[in-house]
Every structure is written in C-alpha cells, then in structure tokens.
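Data block below; observations after.
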Amino acid sequence: MRARVAAPAVLLVLLAALAAACGGSDAPAPATTPASGVLGAAASPSASPRPARCYANETGQMLVLEYHSINRSGGAFTRSPEKFRGDLQWLYDHGFFVIPIHDYVTNRIAAPAGKRPAVLTFDDGVVTQFNYLVDVAGKTSIDPDSAVGVMESFFGQHPDFGRGALFSILPLAPFARPDTPDQLPYAKEKLRWLLDHGYEIGNHTLGHVDLGSLTSDAAKKELASHVDKVHEYVPDARVEVIALPFGGYPKDESVLRWFDY
C-alpha cells in the first residue's frame, strides 16, 4: 500500500476533502475527487443523485480536527479535558460522525445518511494523549482525563457518533514524553490497545524533523525509520498517513510516496 500524505501539522485545520456519503440506500456513494493535500487517493466516478432528506454535502468539504496535548496548563497547543469533551459534544450535537482516517484517504466514507463525517487527529504522541494510571499493585488503567480516556467515555455514551482517531506519534518514546519515562515500558501495550480499539497510527517522522530541510535520502530515512520503529512495537500496524512536522514538505514530494508497507 502506498503511503499517503495528511495535511501539514497545525492546531486546527479545515480540509477540502471527500464529500459526505449519502445515497438512496444504506451504502455510501463515493466522492468525486481526491482529498486536497492527500497524495495517491484516486478519484472515483461521480456520485449518484442523493435525496434531499439526506442533507448531502455537495461542497466536498470535511472537518479534520488536530490536537496536541490534552491538559489544564493553558499553554500553547493544549486543550483541557473539559474543553476537549466539549468539542466532542459540539460535534455530536451538530450531526457529525467520527470516521477512521483510513476511510478518508481510501475514499470509502461510511457515515450514516444525514451525518457529517469528521476525523480526529493527534500529533506528537505526548503522554496526555494516552496516559496510564498505575496503582500500588502495578495495575494500569487509562487516565480518564487523557485524550483516549475522554474519547472512550464519549464514544461509549454515544454509540451513534462513530469512533476512532489518528495518532501521529514520535516512536522513540510514544506516549511517554515530555518527562514521563515511567510510561515508556507501556508503549507496546498502548499501541496494541489503540489498534485493537479502532484507532490508527500516523507517521510524524522519527525525530520530528522538518522534511523541507533534508535531502531526499535523509527524508526517506526519517519516514522509513519511523515505520520500522512502530513495527518493532506492533508489526501489523498500517502506517498510512504522514503528518508533516512544521508543515514542511520535502523538496521532492515523491519522497512521500516512495515506499510500500
């Protein structure tokens, strides 16, 4: 499978993307164009006419939300657990439906009729996205204030909301930074848990490097080394999406599509 490219990493992005799926039957109709900023997503035949009752998205736009740290510090690139839950509630109240990014890049959006597809993404793989609480006996539980804890609670309470998110991690210390080395022994367990529960892993380079500053060979090494490291933890992971650190495209964009999984 060819690597595909997600949008540059920013706090919040709106992408011109695949249209909401809504046809005369329960099966979704394909979008007519590939997503903007996604390389290698093939165009599909024109969608069939949709009944007005479906409120079909004819503009071809879709919401993609991108987060970094989920904490109460109030710092840059942070969102409190309460506000993150509020974001999910707002999406739910306004008819959005969370889909996997795999469905987005492969043009197979299966949002129910009348719903608006949305994708949740997280950059850097910091500990507040997926934190374990460890009791005195060494038993672990998911921190309810981490991103995964908030989402799991919300998805469980709203089964008609869809589920999933993309975590574009830094694989040298996934969900164990900054300054939380005690979480590193759980890296493999966390990544396995994510894949088993409908979440996805994205490529954010091995060392959070601006690919625009590298030679083509060095950029390839950053991307390939990321996948190799992820596969040390979870060999079956499909790392299909690249989130570009600092929004930096390599000088030769074919670098983003050169390797197979």
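Nothing fancy with the numbering, it's 1 onward along the sequence. When reading the values below, keep in mind they use all heavy atoms of this one structure, side chains included, and skip hydrogens, waters and symmetry mates.
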Q. So do Leu194 and Val148 actually touch side chain to side chain, heavy atoms under 4.5 Å?
A. yes
Q: List the steps, then state whether salt bridge (charged side-chain N to carboxylate O under 4.0 Å, His left out) holds for Arg192 with Asp236.
A: CA-CA 9 Å; Arg192 179 76 270 157; Asp236 58 325; 2.8 Å; yes
(Q) Quick check: is Val127 connected to Ile201 through a chain of hydrophobic side chains (ILVMFWY, heavy atoms under 4.5 Å apart)? (A) no
Q: Answer whether the closest heavy-atom distance between the side chains of Val255 and Leu211 falls below 4.5 Å.
A: no
Q: Return the minimal non-hydrogen interatomic distance between Pro245 and His204, and the atom names on each side.
A: CG-O, 3.4 Å
Q) Is there any salt bridge (charged side-chain N to carboxylate O under 4.0 Å, His left out) pair reaching into residues 87-98, and which pairs are they, with sequence neighbours excluded? A) Arg79-Asp87
Q. Between Phe154 and His158, what is the ring plane arrangement, given parallel below 30°, perpendicular above 60°, and tilted in between?
A. parallel
Q: Please report the shortest heavy-atom distance between Leu214 and Asp210, naming the atom on each side.
A: CG-O, 3.8 Å
Q.
Taking Leu223's backbone N and O only, do any of them form a donor-acceptor pair with Thr205's side chain (distance below 3.5 Å, no angle check)?
A. no
Q.
Taking the side chain as everything from C-beta on, heavy atoms only, tell me whether Asp123 gets closer than 4.5 Å to Phe77.
A. no
Q. How many angstroms lie between atom CG of Leu206 and atom NZ of Lys229, to the nearest 0.5 angstrom?
A. 8.5 Å
(Q) Distance check, rounded to the nearest 0.5 Å: Thr215 atom OG1 versus Lys220 atom NZ? (A) 9.5 Å
Q | Point-to-point distance, once rounded to the nearest 0.5 Å, from CG of Leu88 to CE of Met151 | A | 7.5 Å
(Q) Could you report the tightest heavy-atom contact between Pro81 and Arg72, atom names first, then the distance? (A) CD-CG, 3.7 Å
Q) Strictly by modelled atom types, are Ser254 and Asp252 linked by a side-chain donor-acceptor pair under 3.5 Å? A) yes
Q | Beyond-backbone contact of Val227 with His231, side-chain heavy atoms, under 4.5 angstrom | A | yes
Q. Is it true that Phe122 and Phe84 have ring centroids separated by less than 6.0 Å?
A. yes
Q. Quick one: are Leu91 and Leu65 in side-chain contact, heavy atoms under 4.5 Å?
A. yes
(Q) Given 3.5 Å as the limit, does a donor-acceptor pair link the side chain of Asn131 with the main chain of Ser146, or not? (A) no
Q | Minimum-distance pair of heavy atoms, taken over all atoms of Phe97 and Ala110 | A | CE2-O, 4.3 Å
**Q.** Closest non-hydrogen atom pair, Lys115 against Phe96
**A.** CD-O, 4.4 Å
Q. In terms of side-chain geometry, is the basic nitrogen of Glu200 or Arg238 positioned less than 4.0 Å from the acidic oxygen of its partner?
A. no
(Q) Can you give me the closest heavy-atom contact between Gly74 and Thr78, atom names plus distance? (A) C-OG1, 3.7 Å
Q.
A side-chain contact here means heavy atoms from C-beta on lying under 4.5 Å apart; do Met62 and Val119 qualify?
A. yes
(Q) Applying a strict under-4.5 Å side-chain criterion to I, L, V, M, F, W and Y, I'd like to know whether Val134 and Ile142 cluster together. (A) yes
(Q) Distance check, rounded to the nearest 0.5 Å: Glu222 atom CD versus Asp217 atom CG? (A) 13.0 Å
Q) Would Leu184 and Tyr132 show up in the same hydrophobic cluster when neighbours are defined by side-chain heavy atoms closer than 4.5 Å? A) no
**Q.** Separation between CD of Gln129 and OH of Tyr67, rounded to the nearest 0.5 Å
**A.** 11.5 Å
Q: Flag the pair His68 / Val126 as yes when at least one side-chain heavy-atom distance between them is below 4.5 Å, and no otherwise.
A: no
**Q.** Lys251 (side chain) donor-acceptor with Gly212 (main chain) under 3.5 angstrom
**A.** yes
Distance-only check: which donor-acceptor pairs under 3.5 Å involve side-chain atoms of residues 161-178, not counting sequence neighbours?
{"unit_1": "Arg163", "atom_1": "NE", "unit_2": "His197", "atom_2": "O", "d": "3.1"}
{"unit_1": "Arg163", "atom_1": "NH2", "unit_2": "Glu152", "atom_2": "OE2", "d": "2.4"}
{"unit_1": "Arg163", "atom_1": "NH2", "unit_2": "His197", "atom_2": "O", "d": "3.0"}

Q.
Are the side chains of Ile101 and Val64 in contact, using a 4.5 Å heavy-atom criterion?
A. no
